[in-house]
K.L.:
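One structure follows; several queries about it will come next.
Order of appearance sets the numbers: ligands from 1, and atoms from 1 within every ligand. From a predicted model like this one, the values you see are computed outputs, not experimental measurements.
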Amino acid sequence: MKHALIIGGTGMLSNCCVQLAKQGYHLSILARNEEKMDSLKKKIDPISKMTKLLVDYTAEDKLRTAIRKAIQTHGPVSLVVSWIHSTAPEAPQVVIDEVSASGEPFRFFHILGSSSDPVAYKEALSLPSQGHYRTVLLGFFKEKEGSRWLTHGEISNGVGDAIEKDEPFYTVGEVEPWEERPGFQ
Ligand SMILES: NC(=O)c1ccc[n+]([C@@H]2O[C@H](COP(=O)([O-])OP(=O)(O)OC[C@H]3O[C@@H](n4cnc5c(N)ncnc54)[C@H](OP(=O)(O)O)[C@@H]3O)[C@@H](O)[C@H]2O)c1
């Protein structure tokens, strides 16, 4: 079975996880809160397709160990969806290092908030040749009057589209002109 690792999958990416399970992935979901994890697990059918990795990703050793165990149990990871806050700047590299240890090809979808600098994020990472890096930048939607941030459903669908299209750079909504972002005018 294909194995996907979703970091921070129990919030705005929940519906994306449900869709990936329907596509036949075994999901290893990493987050801290067990209640949110169980609520996601109930939406995934059959529930055996999801493994809970209850870990704080700011704890580097625990993050490494959890990913290593998930790979030992469910096989190499071919898809990573990474939504990691800036409180854990080292975590994306830790994830890449652990996932690449198997030597198998994988795609790494790095989800970034609207105000992030995607070039700086990519340049800070060291990827092996079998790792394919994809940026997904979250934006906003312009409306008749003003603009609004994306809903969780739109974020999940957008990330799903990004995975399907498999382009190096994908924007969900818009980020230009930046002056038109919600709350700025
Ligand atoms: N348009 C944009 O640019 C944009 C960008 C970002 C966010 N947003 C919006 O802002 C809202 C808030 O963002 P959010 O990040 O709270 O979104 P979220 O996706 O709802 O929650 C964050 C996810 O990461 C996990 N997480 C957080 N800290 C963690 C840690 N230290 N270790 C392991 N897992 C951790 C959370 O689970 P646990 O809490 O269980 O650990 C959860 O699964 C979102 O709901 C979204 O609508 C918009």
K.L.:
According to ring-ring contact (aromatic ring centres under 6.0 Å, His included), who are the partners of Y25, at least two apart in sequence or on a separate chain?
P.N.:
none
K.L.:
Looking at residues at least two apart in the chain, or sitting in another chain, which of them share a side chain to side chain contact (heavy atoms under 4.5 Å, CB included) with D117?
P.N.:
V119, A120
K.L.:
With a cut-off of 3.5 Å and sequence neighbours excluded, list every side-chain donor-acceptor pair involving residues 69-82.
P.N.:
residue : atom : partner : partner atom : Å
T73     : OG1  : K69     : O            : 2.8
H74     : NE2  : H26     : NE2          : 3.4
H74     : NE2  : T51     : OG1          : 2.9

K.L.:
H152 and S14: side-chain donor and acceptor closer than 3.5 Å?
P.N.:
no
K.L.:
Below 4.0 Å from any atom of ligand 1, which residues have a heavy atom? Give them in chain and number order, please.
P.N.:
G8, G9, T10, G11, M12, A31, R32, N33, K36, V55, D56, Y57, W83, H85, G113, S114, L138, G139, W149, H152, I155
K.L.:
State whether a side-chain donor-acceptor pair under 3.5 Å links D97 with Q93.
P.N.:
yes
K.L.:
Using a 6.0 Å cut-off, check whether atom NZ of K2 has over 12 heavy atoms from anything other than its own residue.
P.N.:
yes
